[in-house]
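Chain letters run A, B, ... following the sequence lines, proteins first and then strands; every chain starts at 1. All heavy atoms count here, side chains included; hydrogens, waters and symmetry mates do not.
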Protein chains: 2
Amino acid sequence: METHPPLPRPNDREVDEGAYAQVRALIASGELAAGSWLREKILAERIGVSRTPIREALNRLSAEGMVEISRNKGAQVVSFTPDDVAGLYDVRAGFEPHAALLAVPLLGDEDVDRLAELAAAMEDVVRSGELDALSALNSAFHGLFVDRCGNRHFATALQTLMRPAVVAHTFRKYSPEALNRSMLHHAELVAAARARDGEWAEAIMRTHILAARNAAGARHDQP
Amino acid sequence: METHPPLPRPNDREVDEGAYAQVRALIASGELAAGSWLREKILAERIGVSRTPIREALNRLSAEGMVEISRNKGAQVVSFTPDDVAGLYDVRAGFEPHAALLAVPLLGDEDVDRLAELAAAMEDVVRSGELDALSALNSAFHGLFVDRCGNRHFATALQTLMRPAVVAHTFRKYSPEALNRSMLHHAELVAAARARDGEWAEAIMRTHILAARNAAGARHDQP
DNA sequence: ATCCGCTTTATTGCATACAAAACGTTAGAT
DNA sequence: ATCTAACGTTTTGTATGCAATAAAGCGGAT
């Protein structure tokens, strides 16, 4: 079986060396749980840098919606109420399909290949059971549609909507059945992309996100 | 005629004291034009603080899309191509009417009153001809719909879309006729809000943004 | 005259030191 | 025993100094 070599590179400019990337990874891995405090000194010692780059990382993460900073009190990982998560999926269901519609006709062959790679990698990860690794791959998968939609501003707006999903660890709540269905959606998105059929991609993307909203137990009318 | 006392407070948490707010104001006023470099030392001396808070301000502005930072080279005010501006309006035309639809039924009487205040203040400003002051008021006006839409994530995503509009100084390109029409749209938005008619607000908001796209000369098919 | 390489200079990136604010604790009074 | 006030600790906010990187200027060779 072949391997998928340089995969988990979520975005080009985010060199994994920076303090920002490392703090972000701590949050994404769940090591720093929602609501927990991010003390500058502790993070600085852990990462091995001074407080200055840590502060920059926290400010950036705050602007991206992954941590919350209160003046003179420090930063903590954002914690979402079920309604927050539901709202997140509502917006994504409204706009990500449109991004897919716009992006698919613009995709190059290498983009489609990468989507297929990512989908395959996600299936591998599901088989191995390492659900936390899914978030990064899933972000990359969805991010590719978003990045290629042909509108910088649309892309950045959608990216700020996708980041919080990483800290919510939604995949942990999926049933095996829902997880499988999600993987099938990915495969179908790859097929729609390969066919350069934007409308097909739009439809399956909407399906995918609404199914995800249910799988994450994030319906508004639930207790 | 009555005055509108404490108005130009764009957002509660942005105390006008911070270095961030002052740099932002320099950009919004056009004193720092698009493309110009933001040298930390110069800004520090001008604002009267050290480089540290300046750096934090620049990082935040970068995350918000108003400046661009290249490593070891510094920050400059973002400059938009006409297509960028057009794309911005495209996205806003998709997002903001939906925000208005969601927000209007949730507005309190004090929100509607504030919208009316802001609309009146904008008309005053237009009569006085100080177009640069319009940006802040307009941001506050649109931001109120966004902030009250009942969906945190939607709100933050939209805010990142509205900030770049400030640096584009679009109002300068408006014809007197387009400026008047824009003011009428604001008045009608206030009326729709006062009637708590979300669909009316949605429709006029879409009209307002598409008209703005034309007034700013930001159609895709133009040279 | 032009191009290449070196030196100089300006600017950012990071670390450290200090100041200010918030929090927890303890001692005292009622 | 409880509430209050003041102290000490912890943590953040700011200033400053130094190192690293990139741009600019300059001299020499072709």
Side-chain angles (χ1 to χ4, degrees), chain A residues 9-27 31-79 167, chain B residues 9-27 31-79 156 163 167:
Chain A
R9 182 192 54 189
N11 216 328
D12 276 358
R13 68 182 175 285
E14 296 174 9
V15 211
D16 266 354
E17 273 314 306
Y20 161 78
Q22 294 196 47
V23 177
R24 191 176 192 281
L26 286 175
I27 297 172
E31 205 159 345
L32 295 167
S36 58
W37 289 97
L38 301 160
R39 296 300 174 197
E40 299 174 357
K41 190 182 175 187
I42 294 177
L43 286 175
E45 288 166 357
R46 178 160 188 173
I47 310 280
V49 294
S50 88
R51 276 177 52 213
T52 309
I54 298 292
R55 282 180 67 85
E56 294 203 353
L58 292 178
N59 279 320
R60 184 168 165 192
L61 289 165
S62 161
E64 288 172 353
M66 292 182 60
V67 313
E68 271 175 342
I69 296 181
S70 348
R71 180 167 176 99
N72 283 323
K73 286 189 62 177
Q76 47 188 337
V77 182
V78 290
S79 63
V167 329
Chain B
R9 181 193 54 188
N11 217 328
D12 277 358
R13 66 182 174 284
E14 297 174 8
V15 211
D16 265 353
E17 275 311 307
Y20 161 78
Q22 295 196 48
V23 177
R24 190 174 191 281
L26 286 175
I27 297 172
E31 204 159 345
L32 295 168
S36 57
W37 289 97
L38 301 161
R39 296 298 173 198
E40 298 175 356
K41 190 181 176 185
I42 295 177
L43 286 174
E45 287 166 358
R46 178 159 190 175
I47 310 281
V49 293
S50 87
R51 277 177 52 211
T52 309
I54 298 291
R55 282 180 66 85
E56 294 208 350
L58 293 179
N59 279 319
R60 184 168 165 191
L61 290 165
S62 160
E64 288 171 352
M66 291 182 60
V67 314
E68 271 175 343
I69 295 181
S70 346
R71 182 171 176 95
N72 283 324
K73 289 187 61 177
Q76 47 189 337
V77 182
V78 290
S79 63
T156 60
R163 277 184 235 273
V167 327

For B:R46, check side chain to side chain donor-acceptor pair (under 3.5 Å) against everything at least two apart and list the hits.
-> B:E31
How close do [X] and [Y] get, heavy atom to heavy atom, and via which atoms?
X     : Y     : result
A:A75 : A:L58 : CB-CD1, 4.2 Å
B:V49 : B:A19 : CG2-CB, 4.4 Å
A:K73 : A:R39 : O-NH1, 3.2 Å

Would you check if B:R60 and B:E56 make a side-chain contact, meaning some heavy-atom pair closer than 4.5 Å?
-> no
Under a 4.5 Å cut-off applied to non-hydrogen side-chain atoms, are A:E64 and A:L61 in contact?
-> yes
Taken to the nearest 0.5 Å, the spacing of A:L38 CG from A:I54 CD1 works out to 9.5 Å
If you restrict it to nitrogen or oxygen atoms, what contacts under 3.5 Å exist between nucleotides 11-13 of chain D and the protein, and what is each distance?
{"unit_1": "D:dT11", "atom_1": "O3'", "unit_2": "A:R39", "atom_2": "NH1", "d": "3.2"}
{"unit_1": "D:dT12", "atom_1": "OP1", "unit_2": "A:R39", "atom_2": "NH1", "d": "3.3"}
{"unit_1": "D:dT12", "atom_1": "OP2", "unit_2": "A:E40", "atom_2": "N", "d": "3.4"}
{"unit_1": "D:dT12", "atom_1": "O3'", "unit_2": "A:N72", "atom_2": "N", "d": "3.4"}
{"unit_1": "D:dG13", "atom_1": "OP1", "unit_2": "A:N72", "atom_2": "N", "d": "3.1"}
{"unit_1": "D:dG13", "atom_1": "OP2", "unit_2": "A:R55", "atom_2": "NH1", "d": "2.8"}
{"unit_1": "D:dG13", "atom_1": "OP2", "unit_2": "A:R55", "atom_2": "NH2", "d": "3.1"}
{"unit_1": "D:dG13", "atom_1": "N7", "unit_2": "A:R51", "atom_2": "NH2", "d": "3.0"}
{"unit_1": "D:dG13", "atom_1": "O6", "unit_2": "A:R51", "atom_2": "NH1", "d": "3.2"}

Heavy atoms of chain B, cut-off under 4.0 Å: which first and last nucleotide of DNA chain C, 5' to 3', fall inside that, if you could look?
-> C:dT11 to C:dC14
